[in-house]
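Every number for a ligand or one of its atoms is a count from 1 in the order of the listing.
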Amino acid sequence: MLYADYNSTSPVLPEVLEAMLPYLTEEFGNPANERTSLGKKAKEAVELARKKVADLVNALPEEVVFVSGGTESCFSAILGSFAGRSERRQFICSAVEHSAVLEAFSFLSSLDSKTEILRIPVDRNSKLDLEKLKTSVSENTNLVSVMMANNETGVLFPIKEIAKIAHSKNVLLHTDAVQAVGKIKIDFKDLGVDLLSLSGHKLGAPKGVGALVIKKELIEKNFWKPPMVGGGQEEGRRGGTLAVAQIVALGCAAEIKKKELSQGSAEKLQALRDEFEKLLLEKVSGVTINCSENMRLPNTSNFLVEDVIGLELMEELSKQNIFVSTGSACSTGKLEPSHVLSALGLDTVSNLSSIRVSLGSKTTIEEVRRLAKRISSVVSGLRDSSEMEFEKLFNSKG
Ligand code: PLP
């Protein structure tokens with residue numbers, strides 16, 4: 001198998017599995033029962049994991065709230081900001097946010113018709129219109145939500161600069177850092193972000209665990225209130241019995257990623273990605289790398305292949321046990337243009353002809369060479385066989 005779809009999900013690291021297993025078996029205590037030895041051990045394991053997650057992004061342990069994943073984290077950031085300062089009714093995000101953010105805003109609008117959601121456009125290279133952001137934030141703005149890195153194109157957004165713009169009007173900044181955490185170094189404090197979302201399954205922990213990092217002062221000022229209440233867990237910031245094993249796994253994965261980053265994992269990934277793109281451009285005609293002129297995650301390559309349907313290329317590769325992706329993972333399987341690529345201004349044909357390769361810590365140079373070669377031969381086959389079909393498809397779609 002050749003796996004090049006790490007932005008979609010990643011395998012659980014062996015050390016992570018080993019670390020979490022005892023908490024599914026003999027150490028099954030509930031951390032809320034701290035006064036029993038079983039509960040105390042679970043509580044200690046959770047607090048150690050909290051410290052490791054905080055360390056990965058340079059936040060304080062008490063700023064980390066464990067949740068079920070990236071989607072819940074984004075939802076909680078947005079709905080919690082609304083609950084904290086409901087008199088501020090404007091929310092701003094980029095046009096290329098993940099559906100976890102876009103749908104949370106849609107839900108918010110359905111709750112309160114006076115809420116205004118403004119999407120800031122991006123250009124062909126996914127550069128955010130910062131001037132538009134500056135003129136749009138006001139005393140009525142509650143929250144700006146801009147992702148740290150885009151899941152499809154890998155483009156990195158200037159979060160520090162965006163934080164300054166938001167703070168100039170006392171507006172909060174949430175960043176969906178689900179794709180960035182573990183792949184690049186992140187400093188929550190230095191960036192000046194108020195809320196940050198991360199997800200375990202993107203960094204070698206299992207699916208179903210993540211965190212929302214909330215700046216301490218936000219809670220003190222009541223600028224954020226928990227939208228998920230219940231038994232008072234997580235200092236009242238997220239109700240629900242803690243998923244101890246998954247949290248231990250997230251902590252272990254965070255520790256591993258921190259170490260890997262300090263040993264140059266980002267630079268190594270970038271060298272592999274650059275080699276892949278070089279080989280691809282050499283071997284396959286009609287390839288354009290999307291957003292290559294912008295800062296990108298080191299592991300991500302999104303490119304369009306003329307006269308090929310991205311989904312077909314993905315399916316053909318998967319028959320050979322090679323895994324890549326089109327659009328975001330959530331929309332995979334549907335022949336619908338990606339909203340991210342549409343926001344860049346790609347026409348429908350180029351949009352549907354695009355594909356994403358995302359590398360991970362286990363990717364080798366041999367795999368990268370094999371990937372470029374296989375893509376080249378599959379593209380040739382598809383171009384020969386589906387010329388008519390392609391024409392028909394796009395002509396009928398207009
Ligand atoms: N945000 C981004 C940028 C993502 O890529 C994803 C998942 O693909 C999510 C949020 C949702 O995270 P989760 O799958 O943990 O709910």
**Message:** With side chain to side chain donor-acceptor pair (under 3.5 Å) as the test, pick out the partner of H174 among S76, S145, S81.
**Reply:** S145
Would you mind listing which atoms of ligand 1 come within a distance below 4.0 Å of any non-hydrogen atom of [X]?
X    : result
H201 : 13 (P), 14 (O), 15 (O)
Q179 : 3 (C), 4 (C), 5 (O)
G69  : 15 (O)

**Item:** contact_flag K202 ligand 1 heavy-atom lt 4.0 Å
**Value:** yes
**Winner among D176, L198, N151, V340 once heavy atoms are compared against atom 1 (N) of ligand 1** = D176
**Asked** What pairs with V181 under side chain to side chain contact (heavy atoms under 4.5 Å, CB included), at least two apart in sequence or on another chain?
**Response** L56, V57, A177, I186, L196, L198, L203
**Request:** Return yes or no for this condition: an N or O of S199 is under 3.5 Å from an N or O of ligand 1.
**Result:** yes
**Polar proximity ligand 1 side, A100 side, N/O cut 3.5 Å exclusive** = no
**Asked** Does K207 approach ligand 1 within less than 4.0 angstrom via side chain, backbone, both or neither, non-hydrogen atoms only?
**Response** neither
**Fill in**
With heavy atoms and a 4.0 Å threshold, my read on which part of T71 contacts ligand 1 is both
**Request:** Begin from the C-alpha positions of F223 and D194 and carry the test side chain to side chain contact (heavy atoms under 4.5 Å, CB included) through to its verdict.
**Result:** CA-CA 10 Å; F223 279 7; D194 299 289; over 6 Å; no
**Asked** Can you tell me how far the CG atom of N294 sits from the CG atom of D123, to the nearest 0.5 Å?
**Response** 7.5 Å
**Message:** Let's go through S285 and R383 carefully: what are the C-alpha distance in whole Å and the side-chain angles of both, what is the deciding distance for side chain to side chain donor-acceptor pair (under 3.5 Å) to 0.1 Å, and is it a yes or a no?
**Reply:** CA-CA 11 Å; S285 61; R383 277 179 176 160; 3.2 Å; yes
**Request:** Give every residue pair that meets the salt bridge (charged side-chain N to carboxylate O under 4.0 Å, His left out) criterion with at least one member in residues 73-93, sequence neighbours excluded.
**Result:** R89-D112
**Message:** Salt bridge or not between E293 and R124? Use side-chain N to carboxylate O under 4.0 Å.
**Reply:** no
